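Quantities reported herein were computed from a predicted structural model and do not represent experimental measurements. Index from 1, following the sequence.
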Amino acid sequence: MGKLPRVLALASICLAFTLPLTAKGQTASCNDGQPVRLADLNWESASFTTHVVRKLLASGYGCATEIVPGASAAIESALAQDDLQIIAEIWSGRSPIIEEAIKQGKVEVVGDTLTGGAEQGWYVPHYVVNGDPERGIEASAPDLRSWRDLPRYKSLFADPEDPGKGRFLNCPSGWVCENTNSRLLQLHGLENDYTNFRAGTGAALDAAISSAYDRGRPILFYYWQPAGLMAKYKFHKIEQDPFDKACWDTIVSGEGELCSSDFLRAQLSVATSTPFAKRNPELVAFFEKLQFEPALLNRMILKMTETRKSGEAMADQFLREHPDVWRAWLPTAASARVSSALGMIEPSDSPASALDTAAEATAGGGIFPDWSAAAFVNRQLMGMVKEYGGVFRQVSDFMLTRLLLPVERLMLAIPPWTFLLLVAALSWHATRKPVATVLYAACLYLVGAVGLWDKLIQTFALVLVSTLVSIVLGVPIGIIAARSRILRRVLTPVLDVMQTLPSFVYLIPVLMLFGLGKVPALFATIIYAVPPLIRLTTLGLRQVDPDVMEAAQAFGVTRWQMLTRVTLPLARPSIMAGINQTTMMALAMVVVASMIGARGLGEDVLAGIQTLDVGRGLQAGVAIVILAIVIDRITQAYGRPRRQRPDPSREKLR
């Protein structure tokens, strides 16, 4: 009998160590204890679905999860390599990367997450065809029904950059739908009537549509649903020819003889890597049952749009408000664990979970007040767009037609050989180095040899105009700031913000006010590039030797003569350094500017990123580097005092 207590004690100790291990083993059973990596998709429906799936995996199945961001092509390639395990929203027939991975057995597509599938096509605002009496808008195209009617209305959708044509807003460069729409435009013979304008990003496309709709303006664009704008606004779909599967396949692939077809009503599914699917059959069973009704999904997306909530916050709200929906997807035990984590059962029946703690902290359990300026800024911006959008667009049209387009057309009209000779002459005048002169011209010739000459000129025209405008603004402000201590104190924090604020922050407001294309890119570039010119102009003028200025005053010079004949010439090296920095920073913006529809070399870099076309992106990137080197070396040479520049005639005299 004396051994029994000791045996019981030993058993208790063993049990105490075994239970945690058992619990740990149960948690690790999901994906063999490895984190499940989900793609972070940036459109509303996909973001919402991704976070719903993540929360159910974490709470219902005890999975460790991780959200991984990336461009569409990058995450699809990562899924095929099992670097990612789940893409929560895949559209059937739209991704060659996924289709090829399925054929190779690397990826499995599971379930049907949207009842009836997803619709896509060409749209105009509803008021364009039917009017909007509440807003006082009359129908401007009451007979617009199918794509055959579009040539008659090209003036209604006029392209600011080419008023003789309409503008069709396509998908961003590199998306599958961009090629599909381009082939349909070609097939329908609409290329002569409409500019195939590619938005740089999905956010830029959304902003352009929202801006036009809020101002009551006509716009023709491609879009899809479910999506936030489809839930927020009312659109009219342009009819296509009847759907034909064989024709649709040729339109998507571009192989074979093209024939007309309506857009495929795509099936939405969950894509998983094949190794993950084999390791986790119970999770695959969950994905097979996961399905949203279109009306419900559209409501959730609309709430995301209106309340500016993240996909994670909206997923949590959905799980709490619609348990009847998600409980049908899960086994009883997993459903009970999710309910417990969400606090849907009495606290006495279940211990508090991490989700409860996080929810309490979010609800105000922390030390920080719930302050946010986002809603105020959004209201003010939308009010400005509605109230003064027409004025901003007039400014945009003036800048485009009187400044940007004339410069670009003039430069494109110059024969390439003449342009190369001008660059060589300018380089020789600045540097007096024959080897450098020949090298600069040869490098620019190579850019043309790879088929990027027109895009090089478009990029250079934008850089040139933005630099000239920056000089017109920056040098006078720098001169005034050099004389005024108060202005310097005011300008310093403003310039700090302009230089450090990420350019993406002000791209959308500029886009909403001025529209897609070159003008918003010009303003964004000026905001980013003008601060160094102001700073260096001010610095150069303040560093002029006071003795020199005092001597000039002794000769009775006026203030204007002092500025133009004494201080500015002495400060020229610093000012030219500012112009050099401004030019380089303007050139650095070309890729960012391509995100809002500015054409040029940045467009190819962006397309290369979105499609993982390394060759295309690298080729355009090298062209940008060549242009940057040529501009930098020439402007630096002009920034040196004349006596420091090489002069062959002086060398011979020596």
Side-chain angles (χ1 to χ4, degrees), residues 28-43 45-58 60-118 120 175-177 224 226 245 248-249 252-253 264-292 297 311 315 326 328-331 334 611-612:
S29 64
C30 173
N31 199 35
D32 295 337
Q34 299 299 315
V36 180
R37 309 182 79 193
L38 299 90
D40 184 13
L41 305 174
N42 57 10
W43 60 94
S45 62
S47 177
F48 169 71
T49 304
T50 298
H51 284 284
V52 168
V53 170
R54 187 194 69 79
K55 286 178 177 291
L56 293 178
L57 290 179
Y61 294 92
C63 300
T65 58
E66 181 181 354
I67 303 291
V68 180
S72 296
I75 62 176
E76 289 166 3
S77 299
L79 184 75
Q81 299 169 8
D82 198 32
D83 293 329
L84 279 176
Q85 284 72 52
I86 297 173
I87 299 179
E89 183 176 294
I90 282 289
W91 291 51
S92 61
R94 285 185 59 176
S95 171
I97 297 175
I98 293 296
E99 297 298 322
E100 182 64 26
I102 293 172
K103 291 179 182 178
Q104 296 176 359
K106 297 179 178 179
V107 169
E108 295 185 11
V109 175
V110 184
D112 182 6
T113 60
L114 183 66
T115 304
Q120 55 184 320
W175 288 19
V176 175
C177 51
W224 60 92
K245 180 64 166 61
W248 174 254
D249 290 341
V252 173
S253 65
L264 171 73
R265 185 178 284 269
Q267 178 181 341
L268 302 189
S269 304
V270 178
T272 70
S273 66
T274 299
F276 173 81
K278 290 181 178 179
R279 290 193 301 267
N280 303 276
E282 71 284 358
L283 301 185
V284 173
F286 154 49
F287 298 148
E288 290 174 344
K289 294 181 180 180
L290 186 146
Q291 189 173 72
F292 295 96
L297 186 55
W326 56 262
W329 306 338
L330 304 176
T611 60
L612 289 186

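Without hydrogens or angle criteria, Gln291 side chain to Asp112 main chain gives a donor-acceptor distance under 3.5 Å. Looking at Thr274, its side chain does come within 3.5 Å of a backbone N or O of Gly105 through a donor-acceptor pair.
Of all heavy-atom pairs spanning Arg37 and Asp83, the tightest one is NH1-O, 3.0 Å. Listed here is the closest heavy atom pair of Asp40 and Ile67: CB-CG2, 3.3 Å. Of all heavy-atom pairs between Tyr61 and Cys30, the closest is O-CB, 3.7 Å. A pairwise comparison of heavy atoms in Leu79 and Thr272 identifies CD1-C, 4.0 Å as the closest pair. Across all their heavy atoms, Gln120 and Trp248 have their closest contact at NE2-CZ2, 4.4 Å. Nearest heavy atom pair, residue Ala328 against residue Lys289, reads O-CD, 4.0 Å.
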Using a 3.5 Å cut-off and no angle test, enumerate the donor-acceptor pairs between side-chain atoms of residues 264-271 and protein atoms at least two apart in sequence or in another chain.
| unit_1 | atom_1 | unit_2 | atom_2 | d |
| --- | --- | --- | --- | --- |
| Gln267 | NE2 | Gly111 | O | 3.0 |
| Gln267 | NE2 | Ser269 | OG | 3.4 |
| Ser269 | OG | Gly111 | O | 2.8 |

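The closest side-chain heavy-atom distance from Asn31 to Arg279 is below 4.5 Å. Proximity of Thr49 to Phe292: side-chain heavy atoms (C-beta onward) are separated by under 4.5 Å at one or more points. For the pair Leu57/Ile86, a side-chain contact is recorded, criterion being any heavy-atom separation below 4.5 Å from C-beta on. Ile75 places none of its side-chain heavy atoms less than 4.5 Å from the side chain of Val68.
Not counting sequence neighbours, Trp326 has no partner by the ring pair (Phe, Tyr, Trp, His ring centres under 6.0 Å) test.
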Show, in sequence, the C-alpha distance, side-chain angles and deciding distance for Leu283 and Cys63, and conclude whether the side chain to side chain contact (heavy atoms under 4.5 Å, CB included) test is met.
CA-CA 10 Å; Leu283 301 185; Cys63 300; 4.2 Å; yes
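Atoms CD and CD1, on Glu99 and Ile90 in that order, are 9.0 Å from each other to the nearest 0.5 Å.
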